[in-house]
Structures are given as structure tokens and as C-alpha cells.
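Worksheet: one structure, shown below.
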Amino acid sequence: MSGPAAVGRGGAATADVVCVGESMVTFLPSQPGRLADVPSFGRAIGGAESNVACALAAAGHRAKWVGRVGADGFGDHLVDAISAYGVDTSAVRRDPDRPTGIYFRTAADRATGTHEVAYYRAGSAASAMSPATVAYEDLLDARILHLTGITAALSADCLSLLRSLTEPRPDRPLISFDVNHRPHLWRRGDEGPGVLLDLARRADLVFVGEDEAEEAWGLRGADAIREALPEPAVLVVKRGSQGVTVFSGRRPELRSSVAGRADSSVTTVPALHVDVVAAVGAGDAFAAGFLSATLRGLPVRDRVRHGHLMAAAVLTVPGDLTDPPARAHADELVALDDAAWGRLRLGPGWTAAGIDRSPAPQEVHPT
């Protein structure tokens, strides 16, 4: 496979992507309003890393989730639900002494002041993940190892695990790292930014939002973020409605065997117009779409477009997970010229629809 951040190990690996982190049972409200006023909740699953694994498996890749859950009914539900997507859960460990994490959330957009989340994850089974409880052999045989900054915030042991996994070593898979800055999870408010910057600089492929880079590191704009993160072979800067900018390649003195092309390039891809149902899970879905296209060796522009489409699939449903568009459908959309891509407007049910090739603005809805 060629191109920026070419994926190593080829066909010898038993998994395309291994995702490591906490998954929780999430309770979704039956109606809008404050948590205090919601009368009932529906059960689902949530967790950045398992979301990515589920989306990749649904897209036809060999995905493995490595985590730790309690020896309880919620742990049973998580393993069963994630396995149902086709994810390999053979390396998930059960903790007899710690519970599976759960959380409740409101229906409001996460970016608004009315959004509420109540986490019950302190002391969870996942917080006991460490280099001693997660076997490296469960992670090694993969083309990509996907991690997030959420895991680093869960406990000192979890942080030790991420530092161990991102250590330079000749046999490690390509390291994908989603910054996922969550200030409320860190035990000390000033600890997170420095830790996340250090972990990102040790990765090969990094996803970061422009807004979280400003919040965590005081950096404004994609160029400033690249200046602070020169090491990753591929840096994906998510810029909201402005689209996504990808920096590919590294300075000559920072090249490694996973860097792909020696030259550097900058690619910006506009965002899609989406009729949003619920603004949750989009970041994980984007990462899954980008990783899927990376595994297929597609050009950077197409990787970003696949990320946008996978995110749009999640944004147009109520929960964190949904089936992605069929690969042929997604490839057809990705192949549109820039003008046609800019006219796309995706609404609920769009993944089951075909393409309207009329010259008018395109709206992709169910037929």
C-alpha cells in the first residue's frame, strides 16, 4: 500500500484495526429535556474506540476491540452488542471486582449549554487497564492500532498503557490517535493538555478538532496545529463547517518506515451539508471512514470524503452508531467532482438512497 502513512504488515495481520479503550452502556432519553425531567431511557452502547471498531466492521474490515468490562449484565450486553457488529471481542477481559461503566445523556446537541451527561464510570473495570492487564500480543497483530485521549484520562494505569503502546518499537502497528480532549475526565485540570500533546507527537496518524486544539493548547488554525505536531506522518485537522485539512508527510529528519511518501502536502476537503438528527458519534464515525479508506490505499481527498460520509450516516440517526452506506454507494459519492460534492445535502435515510445526477442541488434522501 502506498501513499501518506502507508499501513504496514499487509495481509499477514489477523486484524485490520485494533481499537483499545472503554465502552459503556449509554442510556438515551425518550424525549428532549433536562435529565431531571426525562421519564425513561433506552439502552444503547457508547465508547469512542468501540464505536470506531463497530463502524469499521460494518464497513467490511477486520476490526478488534480490546477493553475491560465488569462481570455483570451490562458487561454482557456490551460484549454481545459489539460482537453483533462483527467485531472481534476475544481479547476483552472481565473484571470481577469493578463494574462496567454507564452514562445517561440528554437529547440536546453536545455543543449547546442544555446538553447534560451523567457519567458513572469512576472505578470502572476499564479504568484498571494497564500494561499489566492488557496483553501486548493482543494488539500487535494488526495493521492499525487506534487509540484516543479519553483512555489516557481514565486513570494513571490507563495513561501508562497508552504511553507504553505509543513507545517507538520496530514491531508496532501504525498508531492512530484521536485527541478527544475531555477536560472533565482529567483528575487535574491542567494535566490533560500536556499529556495529549505528548501522545499525539508519538503517533503516526492524528485526528484533532480545531476547537479542541484551541481549548487544550491555545493553538488557532490548522497551520499552528501542524507546527506544534510536526511528527505524525498524517495530521487530520477537523475544522467544523470549514471542512478538514490534512497534512501528509514529515520533515526529512522525522521520517520513519510508516511515513509513506517523503514529500509533504496539504489537502483541504469541504464539509458536507447534513440535516442533523443528533450531533453525537460523528467524530468516531469520521475516524472510521478515514481509516477505512486508508486501509484501501485511497488518496487523501478520498479518505476525507469517506470520513465525511461515515459521519453523515451517524449524524442523521438518533444514536452513536448506525450502518454505514454500502461501499459502492460511498465510492460513487466520493468520486463526484468538486461542484457535485458541494451540492450534496444528506438527510435521514440517505444511506439507502441513490444519487440524483440532475444539475440542481442534490438532496440524498430515501426513495
Side-chain angles (χ1 to χ4, degrees), residues 48 51-52 54-56 58-59 109-112 178 180 205 207-213 221-222 234-248 266-296 298-367:
N51 284 349
V52 171
C54 289
L56 284 167
D109 187 332
R110 185 174 288 161
T112 68
D178 194 335
N180 264 330
L205 164 60
F207 299 95
V208 64
E210 220 173 25
D211 54 347
E212 64 183 342
V234 175
L235 174 64
V236 181
V237 181
K238 297 175 288 184
R239 305 169 58 209
S241 62
Q242 300 302 307
V244 170
T245 295
V246 180
F247 297 87
S248 307
V266 182
T267 305
T268 296
V269 180
L272 284 167
H273 302 288
V274 180
D275 296 330
V276 176
V277 172
V280 292
D284 303 330
F286 178 90
F290 191 95
L291 291 175
S292 172
T294 297
L295 288 162
R296 296 171 61 196
L298 300 183
V300 170
R301 188 209 69 166
D302 294 1
R303 299 181 194 192
V304 177
R305 286 189 172 189
H306 275 284
H308 281 320
L309 290 171
M310 196 84 86
V314 169
L315 287 169
T316 50
V317 298
D320 291 27
L321 286 167
T322 190
D323 289 333
R327 180 173 291 185
H329 184 194
D331 285 345
E332 192 176 6
L333 290 171
V334 165
L336 292 172
D337 62 35
D338 290 345
W341 176 263
R343 293 196 301 268
L344 279 176
R345 187 180 188 95
L346 306 180
W350 73 269
T351 57
I355 299 179
D356 175 6
R357 295 195 173 279
S358 64
Q362 296 186 26
E363 295 194 16
V364 182
H365 294 282
T367 55

Do any side-chain atoms of residues 282-291 form donor-acceptor pairs under 3.5 angstrom with protein atoms, and if so which ones, sequence neighbours left out?
{"residue": "Asp284", "atom": "OD2", "partner": "Asn51", "partner atom": "ND2", "Å": "3.0"}

Open item on the list: The criterion is side chain to side chain donor-acceptor pair (under 3.5 Å); which residues satisfy it with His306, sequence neighbours excluded?
Closed with: Asp331

Task: Closest non-hydrogen atom pair between Leu298 and Arg303, with its separation - done: O-NE, 2.6 Å

TODO: Taking side chain to side chain donor-acceptor pair (under 3.5 Å) as the test, write out the residues that go with Asp178, two or more places apart.
DONE: none

Task: For Val317, all residues meeting side chain to side chain contact (heavy atoms under 4.5 Å, CB included), sequence neighbours excluded - done: Thr322

TODO: Check for a donor-acceptor pair, side chain of Arg327 on one end and backbone N or O of Ala59 on the other, with a separation under 3.5 Å.
DONE: yes

- [ ] Over all heavy atoms of both residues, which pair between His308 and Leu272 is shortest? Give the atoms and the distance, please.
- [x] CB-CD1, 3.8 Å

Task: Residues forming a side chain to side chain donor-acceptor pair (under 3.5 Å) with Asp338, sequence neighbours excluded - done: Arg305

Open item on the list: To check you understand the geometry: which heavy-atom pair defines the closest contact between Ala312 and Leu346, and what is its length?
Closed with: CB-CD1, 3.6 Å

- [ ] Name all residues meeting the side chain to side chain contact (heavy atoms under 4.5 Å, CB included) criterion together with Thr245; count only those two or more places apart in sequence or in a different chain, and write none if there are none.
- [x] Ala222, Arg239, Phe247, Val266, Thr268

- [ ] State, with a plain yes or no, whether a side-chain heavy atom of Val236 is found less than 4.5 Å away from one of Val234.
- [x] yes

Task: side chain to side chain contact (heavy atoms under 4.5 Å, CB included) partners for Ala339, two or more places apart - done: Asp337, Arg343

TODO: With the side chain counted from C-beta on, respond yes when Leu309 and Leu333 share a heavy-atom pair under 4.5 Å apart, and no when they do not.
DONE: yes

Open item on the list: Going by side chain to side chain contact (heavy atoms under 4.5 Å, CB included), name the residues that satisfy it together with Pro325, two or more places apart in sequence or in a different chain.
Closed with: Ala313, His329, Ala330, Trp350, Thr351

- [ ] Hey, could you give me the CG/CG distance between Asp275 and Leu315, rounded to the nearest 0.5 Å?
- [x] 10.5 Å

Open item on the list: Do Val304 and Val246 have side chains that approach each other closer than 4.5 Å (heavy atoms only, starting at C-beta)?
Closed with: yes

